[in-house]
Undergrad: 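I'd like to ask some things about the structure below.
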Amino acid sequence: MSEISRNSIRLSLPPEPNLAWAYFLDVDGTLLEIADTPEKACFDEAVLDLIEQVHRATGGAMALVSGRSIEDLDARIGKRYLSIAGQHGLERRDACGRLRVYADSFHARPEMRMALDELLGNHPALLLEDKGLTMALHYRQAPHLASHSLRIMTDIVARSNGKLALQHGKCVLEIRPAGFDKGVAVVEYLKEPPFAARRPVFIGDDRTDEHGFDVVDRVGGVSIKVGHGKTCARYRLPDVAAVRHWLSQMLGELK
């Protein structure tokens, strides 16, 4: 099997996809190219058609597992009513359309907003994305502020007495309630039809996806890291185009 080498880490290309498996897909950096700002990301018709076909072909055993909110994703994908875990698993819609929200309040929100509003006032190149249950500070337009942003966000989390957690991503730092991540969302899906009793696949590109990789690895699934960088995933695909191509391979079985 051919291999891809990145940062001295060699990971095999994944096996061919199977219609009998369950698919958990990150969005930004996995199905979509990462945009300068979150609102600029766009689901093109090709990827909308792909996820709809994969969803149908697998009998609904496909879920988007994203840091974005379900509301945000629904607005972008249209009325497809897919299974979606949003905000790193803090909200989750199952295959029957039932919505579960696992945290209905955000601890220390007033104090947090005060500290972050002051930070943004001093550094307007930073972008704060308030998702309701999480807050993400993007520094893609100001990479020189990465260390300063990290100090501010770390201090906010430290003052929460364990109620908040800090999630690192690509040019983003996100504060969320502790105890929830993408791996937890996958575990919940695997208890339910049509995901139960299937071999799980998790595809993601960022540090936020490592929790998902770990969960599927522990149950003999297929974990796929997109792009370079250290990871606990067992396989690697080089980019978004490769992910789309890999997923489309299983649709040929229907022709």
Undergrad: What I'd like to find out is whether the side chain of I175 reaches to under 4.5 Å of the side chain of T134, using heavy atoms alone.
TA: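 Side-chain contact under 4.5 Å: no.
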
Undergrad: When clusters are formed by joining ILVMFWY residues with side-chain heavy atoms under 4.5 Å apart, either directly or through shared neighbours, do V172 and Y139 land in the same one?
TA: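 In one cluster with V172: Y139, no.
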
Undergrad: Considering residues, nucleotides and ligands other than H168, do more than 12 of their heavy atoms fall under 6.0 Å from its NE2?
TA: yes

Undergrad: Could you work out, with ring-ring contact (aromatic ring centres under 6.0 Å, His included) as the rule, every residue matching F202, not counting sequence neighbours?
TA: F213

Undergrad: Check V243 against L237 and note the closest heavy-atom contact, atom names and distance.
TA: CA-CD1, 3.9 Å

Undergrad: Is the count of non-hydrogen atoms from other residues, nucleotides or ligands lying under 6.0 Å from Q141 atom CD greater than 12?
TA: yes

Undergrad: So, are E192 and R92 salt-bridged, with charged N and O less than 4.0 Å apart?
TA: yes

Undergrad: So, D205 and K170, do they make that salt bridge, N to O below 4.0 Å?
TA: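 Judged by the 4.0 Å cut-off on N to carboxylate O distance, D205 and K170 do form a salt bridge.
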
Undergrad: Parallel, tilted or perpendicular: which fits the ring planes of H123 and H148, with parallel below 30° and perpendicular above 60°?
TA: perpendicular

Undergrad: Could you tell me if E210 and T231 have a donor-acceptor pair between their side chains, going purely by distance under 3.5 Å?
TA: yes

Undergrad: Just so I know, are the side chains of D74 and Y81 near enough to count as touching, which here means a heavy-atom distance under 4.5 Å?
TA: no

Undergrad: Tell me whether L31 is reachable from I84 by hopping between hydrophobic residues (I, L, V, M, F, W, Y) whose side-chain heavy atoms are closer than 4.5 Å.
TA: yes

Undergrad: For R113 and D130, run salt bridge (Lys or Arg N to Asp or Glu O under 4.0 Å): C-alpha distance rounded to whole Å, both residues' side-chain angles, the deciding distance at 0.1 Å, then the answer.
TA: CA-CA 10 Å; R113 283 306 303 253; D130 189 341; 3.0 Å; yes

Undergrad: Could you tell me if the side chain of P194 sits less than 4.5 Å from the side chain of T58, heavy atoms only?
TA: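 T58 vs P194: side chains apart.
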
Undergrad: Where do H88 and Q167 land on the side-chain hydrogen bond (donor to acceptor under 3.5 Å, both in side chains) test, with the steps shown first?
TA: CA-CA 10 Å; H88 307 286; Q167 181 69 63; 5.2 Å; no

Undergrad: Heavy atoms only: give me the nearest D206-G169 pair and the separation to one decimal.
TA: OD2-CA, 3.3 Å

Undergrad: Heavy-atom distance under 4.5 Å between the side chains of V186 and F195, does that happen here?
TA: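 No, too far: nothing below the 4.5 Å cut-off.
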
Undergrad: Do R244 and D44 sit within salt-bridge range, that is, some charged N less than 4.0 Å from a carboxylate O?
TA: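 A salt bridge links R244 with D44.
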
Undergrad: If every non-hydrogen atom of P200 is compared with every non-hydrogen atom of F24, which pair is closest and at what distance?
TA: CB-CE1, 3.9 Å

Undergrad: Hey, are K131 and E174 close enough for a salt bridge, meaning a charged N less than 4.0 Å from a carboxylate O?
TA: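 Looking at E174 together with K131, the answer is yes, because their closest N to O distance falls below 4.0 Å.
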
Undergrad: How far does CG of D214 sit from CG of D209, to the nearest 0.5 angstrom?
TA: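 Those atoms lie 12.5 Å apart.
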
Undergrad: Could you tell me if the side chain of M62 sits less than 4.5 Å from the side chain of S83, heavy atoms only?
TA: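 In short, these two side chains do not touch, never coming nearer than 4.5 Å.
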
Undergrad: Mind checking whether L50 and V226 sit in one hydrophobic cluster, side chains of I, L, V, M, F, W, Y counted as touching below 4.5 Å?
TA: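 Yes, same cluster.
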
Undergrad: Applying salt bridge (Lys or Arg N to Asp or Glu O under 4.0 Å) to R76 and D72, what does each step give before you reach the verdict?
TA: CA-CA 7 Å; R76 294 171 187 276; D72 178 276; 2.9 Å; yes

Undergrad: Group every Ile, Leu, Val, Met, Phe, Trp and Tyr by side-chain heavy-atom contacts under 4.5 Å, then state whether M114 and L137 land in the same group.
TA: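 Hydrophobic grouping puts M114 apart from L137.
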
Undergrad: Any side-chain heavy-atom pair from D217 and R234 closer than 4.5 angstrom?
TA: yes

Undergrad: Can you find a heavy atom in the side chain of L32 that is under 4.5 Å from one in the side chain of V240?
TA: no

Undergrad: Is there side-chain contact between I203 and D26, with heavy atoms separated by less than 4.5 Å?
TA: no

Undergrad: Under 4.5 Å between side-chain heavy atoms, hopping through other hydrophobics if needed: is there a path connecting V222 to Y23?
TA: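 In one cluster: yes.
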
Undergrad: Would you call R176 and D181 a salt bridge, taking side-chain N to carboxylate O under 4.0 Å as the test?
TA: no

